[in-house]
Amino acid sequence: PGNVYSQTRVMSLFAVLLFAGASSFVSGARIGTVTAQTPPMGWNSWNHFSCGGLNEDVIKGIADAIVSTGLKDAGYVYVNLDDCWAKGRYTNGTVYADPNTFPNGMKALADYVHSKGLKFGIYTDRGTKTCGGRPGTQDHEEIDAKTYAEWGIDYVKEDSCNAPGDHESAFAQYAKFRDALNETGRLIYYSLCGWNEWYAPIGYSLANSWRIGPDDTNWGGILRNIDINAKLTPYAGPGGWNDPCLLLGNTHQNSPRYDDFYFL
C-alpha cells in the first residue's frame, strides 16, 4: 500500500465502454445479467503485471488505492486478476492458486476485496491451458464454476488460448461454462474473451461481455478496436456488452493520448 499502489498503477483500468446487442445461440439466461446492467469498470492486472510481480499484497494494495483515490465512488468497483494466478489442480480436479504468490488462497483475497466494498474477478481459459500455460477450464467447467462461486468470485474472464478456433467449438465451450456458472446460483459477471467480432451477433446469449478484436497494445490497436466496435453497436445493451479490450493505462500512452482514449 502507500504510494506504491496509488495513481500510477491504478491507471491500468479497464472499462467496456461501448455497446453491443441480442441474439440467441443457445437458450438459458446468464445469471450475471443482473450485475451487467451497465458496462463493468475497474482494474485488471494484465497490462501492468502480465505474469510478473503479481501477488496477493499487490492486489490488496490496488483495492486500497481504488478506495482511497475515489475511483470506487466514481464506479470503478472490480479488482480483477488476469492470467498466471493458478498453479495446478488437485487430484480431484479442483484448481488452486500459486502458493508462492497467493499463500492465503483466493477466498481470503476475495474476502479482503469485498471488505473494501469492491468486487473480485478472476481469469481462466476455455482451452486446456491459459495463454500463460496455467490450467484451463476445458473438461473442468462444472468444478471450476463451483470453486469460483465458493471463493466468492464476482467476475470471470474466460480467454481463448489452446482451444479450437472454429465458431461451433468456441460457441459450445463458452455455452458450457455459461451453464456451469448459472448452475452455481451466484451472481457472476461472465466475460468472454475470444478476440473476434463474430462473437457479437450471438454474444448476448453466451456471456455478459465479449471481446470483439485483438489486444490493443498500442495506439493503432486502440483505433482498430474502436472502428470494429462502432459497427457492432446494434448487438447489445443492458446485460451484454461489446468489449473493445482494456484501457491501456500508464505503461502505454502519453498524457494527450489518455485524454483521447477516454473521450473515444
Side-chain angles (χ1 to χ4, degrees), residues 26 28-32 34-35 44-46 49-60 63 78-115 118-165 168-194 206-208:
V26 252
R30 294 133 310 121
I31 281 182
V34 177
T35 64
N44 177 285
S45 65
W46 185 254
F49 291 99
S50 298
C51 286
L54 192 62
N55 58 61
E56 65 181 41
D57 289 335
V58 165
I59 299 303
K60 289 179 179 179
Y78 285 98
V79 178
N80 287 359
L81 267 178
D82 211 276
D83 203 353
C84 299
W85 64 268
K87 181 66 174 179
R89 292 187 182 276
Y90 296 118
T91 55
N92 68 354
T94 302
V95 67
Y96 62 89
D98 189 328
N100 293 317
T101 49
F102 299 95
N104 293 301
M106 289 296 112
K107 186 176 188 314
L109 190 53
D111 289 346
Y112 184 88
V113 172
H114 291 155
S115 76
L118 300 170
K119 298 180 179 182
F120 186 54
I122 212 163
Y123 168 99
T124 187
D125 190 287
R126 69 180 174 91
T128 54
K129 293 182 179 180
T130 69
C131 300
R134 307 302 175 97
T137 294
Q138 182 174 316
D139 299 326
H140 295 86
E141 289 84 358
E142 290 79 11
I143 193 169
D144 283 357
K146 181 180 178 182
T147 299
Y148 297 156
E150 290 174 349
W151 287 347
I153 300 301
D154 304 298
Y155 182 117
V156 176
K157 171 185 172 181
E158 188 171 37
D159 220 331
S160 199
C161 288
N162 301 300
E168 184 176 354
S169 296
F171 296 157
Q173 285 184 306
Y174 281 122
K176 186 175 182 180
F177 195 50
R178 174 209 63 196
D179 292 345
L181 290 171
N182 282 349
E183 188 64 26
T184 69
R186 181 171 176 79
L187 299 178
I188 298 176
Y189 186 104
Y190 182 29
S191 171
L192 177 165
C193 186
L206 294 173
N208 300 115

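The first residue in the sequence is number 1, and the count goes up from there. Every heavy atom of this structure was used, including side-chain atoms; hydrogens, water molecules and symmetry mates were not. Just so it is clear, the model here is predicted, and its values are computed rather than measured.
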For this session: Side-chain contact test, heavy atoms from C-beta onward, threshold under 4.5 Å: evaluate it for Met106 versus Phe120 and give yes or no.
Result: yes

Problem set entry | Asn162 versus Thr128, side-chain donor and acceptor atoms under 3.5 Å | no

Problem set entry | Point-to-point distance, once rounded to the nearest 0.5 Å, from CZ of Arg186 to OH of Tyr148 | 14.0 Å

For this session: List the atom of Gln173, the atom of Pro164, and the distance in Å for their closest heavy-atom pair.
Result: OE1-CD, 3.7 Å

Exercise. Any side-chain donor-acceptor pair under 3.5 Å between Tyr190 and Glu158?
Worked result: yes

Exercise. Is Lys176 atom NZ crowded by more than 12 heavy atoms from other residues, nucleotides or ligands, each under 6.0 Å away?
Worked result: yes

Seminar exercise, completed: When rounded to the nearest 0.5 Å, the distance separating CG of Leu181 from CD of Glu142 is 10.0 Å

Seminar exercise, completed: From the list Thr130, Asp83, Asp125, Leu192, side-chain contact (heavy atoms from CB on, under 4.5 Å) partner of Asp159 resolves to Asp125

For this session: Would you mind reporting whether Val113 and Lys60 have side-chain heavy atoms less than 4.5 Å apart?
Result: no

Problem set entry | Distance-only donor-acceptor check, side chains Asn44 and Asp82, under 3.5 Å | yes

Exercise. Is there a side-chain contact between Tyr155 and Ile188, using heavy atoms and a 4.5 Å cut-off?
Worked result: no

For this session: Please tell me if the side chains of Cys51 and Trp46 come closer than 4.5 Å, counting only heavy atoms from C-beta onward.
Result: yes

Exercise. Which pair of non-hydrogen atoms, one from Cys84 and one from Gly132, has the smallest distance, and what is that distance?
Worked result: SG-CA, 4.4 Å

Exercise. Tell me, do Glu150 and Lys107 make a side-chain contact under 4.5 Å, heavy atoms counted?
Worked result: no

For this session: Please confirm whether the backbone N or O of Gly152 pairs with a side-chain atom of His114, one donor and one acceptor, at under 3.5 Å?
Result: yes

For this session: Apply side-chain contact (heavy atoms from CB on, under 4.5 Å) to the pair Glu56 and Thr101, showing each step before the final yes or no.
Result: CA-CA 6 Å; Glu56 65 181 41; Thr101 49; over 6 Å; no

For this session: For the pair Glu141 (side chain) and Asp139 (backbone), establish whether a donor and an acceptor sit closer than 3.5 Å, ignoring hydrogens and angles.
Result: yes

Exercise. Quick one: does Val156's side chain get under 4.5 Å of Thr124's, heavy atoms only?
Worked result: yes

For this session: Measure the CG-CG distance between Asn55 and Leu81 for me, rounded to the nearest 0.5 Å.
Result: 10.0 Å

Seminar exercise, completed: For Ala86 and Pro135, the nearest pair of non-hydrogen atoms, with its separation, is CB-CD, 3.9 Å

For this session: Go through the steps for Ser45 and Tyr123 under the test side-chain contact (heavy atoms from CB on, under 4.5 Å), then give the verdict.
Result: CA-CA 10 Å; Ser45 65; Tyr123 168 99; over 6 Å; no

Exercise. Given the rule in the side-chain contact (heavy atoms from CB on, under 4.5 Å) test, do Tyr189 and Tyr78 qualify, once you have shown the distances and angles that lead to the verdict?
Worked result: CA-CA 10 Å; Tyr189 186 104; Tyr78 285 98; 4.0 Å; yes

Exercise. Among side-chain atoms of Arg126 and Thr137, is any donor-acceptor pair under 3.5 angstrom?
Worked result: no

For this session: Kindly indicate whether the side chain of Pro99, heavy atoms from C-beta on, has any atom under 4.5 Å from the side chain of Lys87.
Result: yes

For this session: Assess whether side-chain contact (heavy atoms from CB on, under 4.5 Å) is satisfied between Tyr112 and Ile59, documenting all intermediate values.
Result: CA-CA 9 Å; Tyr112 184 88; Ile59 299 303; over 6 Å; no

Exercise. Are Trp85 and Trp151 close enough that their ring centres sit under 6.0 Å apart?
Worked result: yes

Problem set entry | Thr94 and Thr147 side chains, donor-acceptor separation under 3.5 Å | no

